[in-house]
Amino acid sequence: MPIATEIRPVPGSLTDSAADLVALPVSRGDEAPIAATAGAGLDPAELDARLPAPVAALVAHYELTGNPGEVAQFPADLGAGLVRVVLLGVGDATPGDLRKAGAALVRAAKGRTTAATGVALLEKASEGGGAGLAAFAEGALLASYRFSLASAPAGAEPLQALELVGATSQTAAAAVARGETVAQATGLARDLINTPSLEKDPAWLAARAVQTASTAGLESEVWDEAALKRDGFGAILAVGAGSDRPPRLVRLDYRPENPAGHVVLVGKGITFDTGGLSLKPNDNMKLMKTDMSGAAVVLGAMSALAGLGTEVAVTALLPIAENSVSGSAVRPGDVITAYDGRTIEVLNTDAEGRLVMADAFGYAAARLAPDALVDVATLTGAAKVALGTGTGALYSSDESLAGALAEAAERSGEPVWRLPLTEEYREVLDSRVADLANVGNGDFGRPGATEAALFLREFTGGLPWAHLDIAGPGRSSSDEGVLSKGGTAFSTRLLLHWLSGGEPVVGGGAA
Ligand code: BES
Ligand code: MN
Ligand code: ZN
């Protein structure tokens, strides 16, 4: 299973637990780092006597600062035989700090059966309805995620169980459950992203979406190739035309009673991006099974809405195609007709994401009239060049929507940076033979991420719209913190914090 660790709120104390690892939180403190021993079940003097040295001396010995995620480990007998004791840096115990600490604890506990910690007893962990505790659980679970198709996966087994001593109040248990729900949504998205495209074709991904919808209580609808033709989704069909595995469009609906507004989420679902006839070199192609990350992120978020008690209605649109090469592939210079009736000159078949999204946007604008349209896509290598792998690019036509998403990103620990929709660049998308070209032909030094965003904006029908280009942070090259090597499902948590965080999703409250 992808997320291997189970979290259990438990009563009692650390020393009652049969854990083979016990983690004591170390806060940064005002002057010097402080180890919190609440929940140890031993008075401070007895605890000191059972450790290799008094806890304050150990903090000094290991030169701990209390920074979040810092770890020092040693063996000690706390009364029930030798266990591993971990001094775990929790910083100032903000939700961001506790998310890092949870991840660090689970990474330090690899190969162990049960870990126990008193982190839940930190006063700050229960502030804000337990936001810190939720983040701690989320970080711990995400760090235990792994994906492997090897017959014997390398490395130590992930920690089996994490006991949160004292997290038994209703509020604390609910916070832990929220963290779990968000982590499971992310894990689902990561699994889809990490699945190789040999298995993952458009029909497969659409079937997974329908399956998820039925477990999560969502309505679903799938357009197969014939339905896409019937309804005029010319851009999705064009991108899928070079593959033996035909495209799909999936619509999912979450409808709470008396919804506080309606949001449409669109996720780019390219199950493999060869570049098409504008073929990618192998180095750029080899990780392109992840080019459906947007669709996976949206699907992951959809799976968690009911569990989080989300009050806004949400429709997901997942345009899914394989961008491949064959005699039937769309050619550079071809002109295609999008759902909204506009013609697009395809000058580069590798700029395929914006094409499939144009059809989904056209459908949203014509048929759904939501309060906000938000898309997630591994859209451009340029976004990765601009912001690296740590930060997503945010574009928006609406100040308050941009603000709400940036704030959710802050809370979810998935940083985004807003880039401008520079109007002067729009003209490079003018075509001599069609309404628009899919890539720029101008001399603005190829502002690739902005060009793509300006192309998408054409299809939003003036709706309040925001675009997350996650080409950079969508993949991780190592196991670190809450990330594991491979697909990160970046922005799943952001969407959930935005939609389910108790704040209005658009403006002063969606209509
Ligand atoms: N899927 C790629 C973007 C991408 C690049 C995602 C690197 C993740 C990592 C997208 O379809 C693409 O090929 N974009 C082109 C656009 C260009 C042809 C205008 C790009 O970024 O090079
Ligand atoms: Mn491409
Ligand atoms: Zn792509």
Side-chain angles (χ1 to χ4, degrees), residues 193-194 197 200 202 205 235-236 238-243 247 266-297 318-325 329-334 344-360 375-393 395 419 425 428-429 431 436-442 444-456 467-477 486-491:
I193 297 165
N194 289 329
S197 302
K200 176 174 63 190
L205 186 53
I236 296 175
V239 170
S243 172
V266 177
K268 171 177 170 179
I270 299 298
T271 58
F272 193 76
D273 185 9
T274 66
L277 291 173
S278 312
L279 195 65
K280 287 182 185 295
N282 193 63
D283 272 356
N284 295 354
M285 198 195 296
K286 65 188 177 196
L287 297 171
M288 281 300 149
K289 70 173 185 184
T290 62
D291 209 23
M292 36 57 75
S293 292
V297 161
L318 315 178
I320 305 174
E322 181 173 65
N323 187 23
S324 198
V325 194
V330 67
R331 288 155 288 259
D334 281 353
I344 304 168
E345 183 184 14
V346 180
L347 289 174
N348 189 322
T349 65
D350 198 10
E352 83 297 338
R354 62 195 76 179
L355 297 176
V356 299
M357 312 249 300
D359 269 358
D375 76 82
V376 183
T378 47
L379 205 61
T380 66
K384 184 174 177 180
V385 171
L387 298 171
T389 56
T391 300
Y395 287 92
L419 296 173
Y425 301 163
V428 304
L429 297 171
S431 163
L436 278 171
N438 78 326
V439 292
N441 53 9
F444 287 104
R446 301 222 120 255
T450 303
E451 260 178 37
L454 287 166
F455 180 90
L456 290 180
H467 159 56
L468 292 165
D469 191 334
I470 62 162
R475 287 192 309 237
S476 171
S477 56
T488 61
F490 181 92
S491 72

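No experiment lies behind these values; they were computed from the predicted model shown. Whatever order the structure lists ligands and atoms in, that order sets their numbers, starting from 1.
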Does Lys280 form a salt bridge (Lys or Arg N to Asp or Glu O under 4.0 Å) with Asp350? I'd like the steps, not just the answer.
CA-CA 8 Å; Lys280 287 182 185 295; Asp350 198 10; 2.9 Å; yes
Locate the shortest heavy-atom distance separating [X] from [Y]; write the atom from each residue and the value.
X	Y	result
Thr274	Leu279	O-CD1, 3.5 Å
Ile236	Ile320	CG2-O, 4.3 Å
Thr380	Ala452	CG2-CB, 3.6 Å
Val439	Ala351	CG1-CB, 3.4 Å
Ala360	Pro319	CB-CG, 4.0 Å
Glu451	Leu429	O-CD1, 3.6 Å

Taking the Zn ion (ligand 3) as the centre, count the protein N/O/S atoms lying under 2.8 Å from it.
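Considering protein N, O and S only, the Zn ion (ligand 3) has 4 within range.
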Mind checking whether Ile193 and Met292 have side chains closer than 4.5 Å, heavy atoms only?
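Side-chain contact under 4.5 Å: yes.
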Contact check, side chains of Asp273 and Thr290, non-hydrogen atoms, under 4.5 Å
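No; the side chains remain at least 4.5 Å from each other.
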Can you list, by chain and residue number, every protein residue with a non-hydrogen atom closer than 4.0 Å to ligand 1?
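Residue list for ligand 1: Lys268, Asp273, Lys280, Met288, Asp291, Asn348, Asp350, Glu352, Arg354, Thr378, Leu379, Thr380, Gly381, Val439, Ala471, Arg475.
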Once rounded to the nearest 0.5 Å, what's the spacing between atom CZ of Phe455 and atom CG of Leu379?
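Between Phe455 CZ and Leu379 CG, I get 10.0 Å after rounding to 0.5 Å.
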Only counting residues at least two apart or in another chain, list the ones meeting salt bridge (Lys or Arg N to Asp or Glu O under 4.0 Å) with Glu322.
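Applying salt bridge (Lys or Arg N to Asp or Glu O under 4.0 Å) to Glu322 gives Arg245.
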Checking Thr349 against Ser278: is there a side-chain donor and acceptor pair closer than 3.5 Å?
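Yes.
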Sorted by chain and residue number, which protein N/O/S atoms are under 2.8 Å from the Mn ion (ligand 2)?
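Sorted hits: Asp273 OD2, Asp350 O, Asp350 OD1, Glu352 OE1.
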Expected output: side-chain Asp334 to main-chain Arg331 donor-acceptor under 3.5 Å
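Yes, the answer is positive, given that a donor and an acceptor are paired below the 3.5 Å cut-off.
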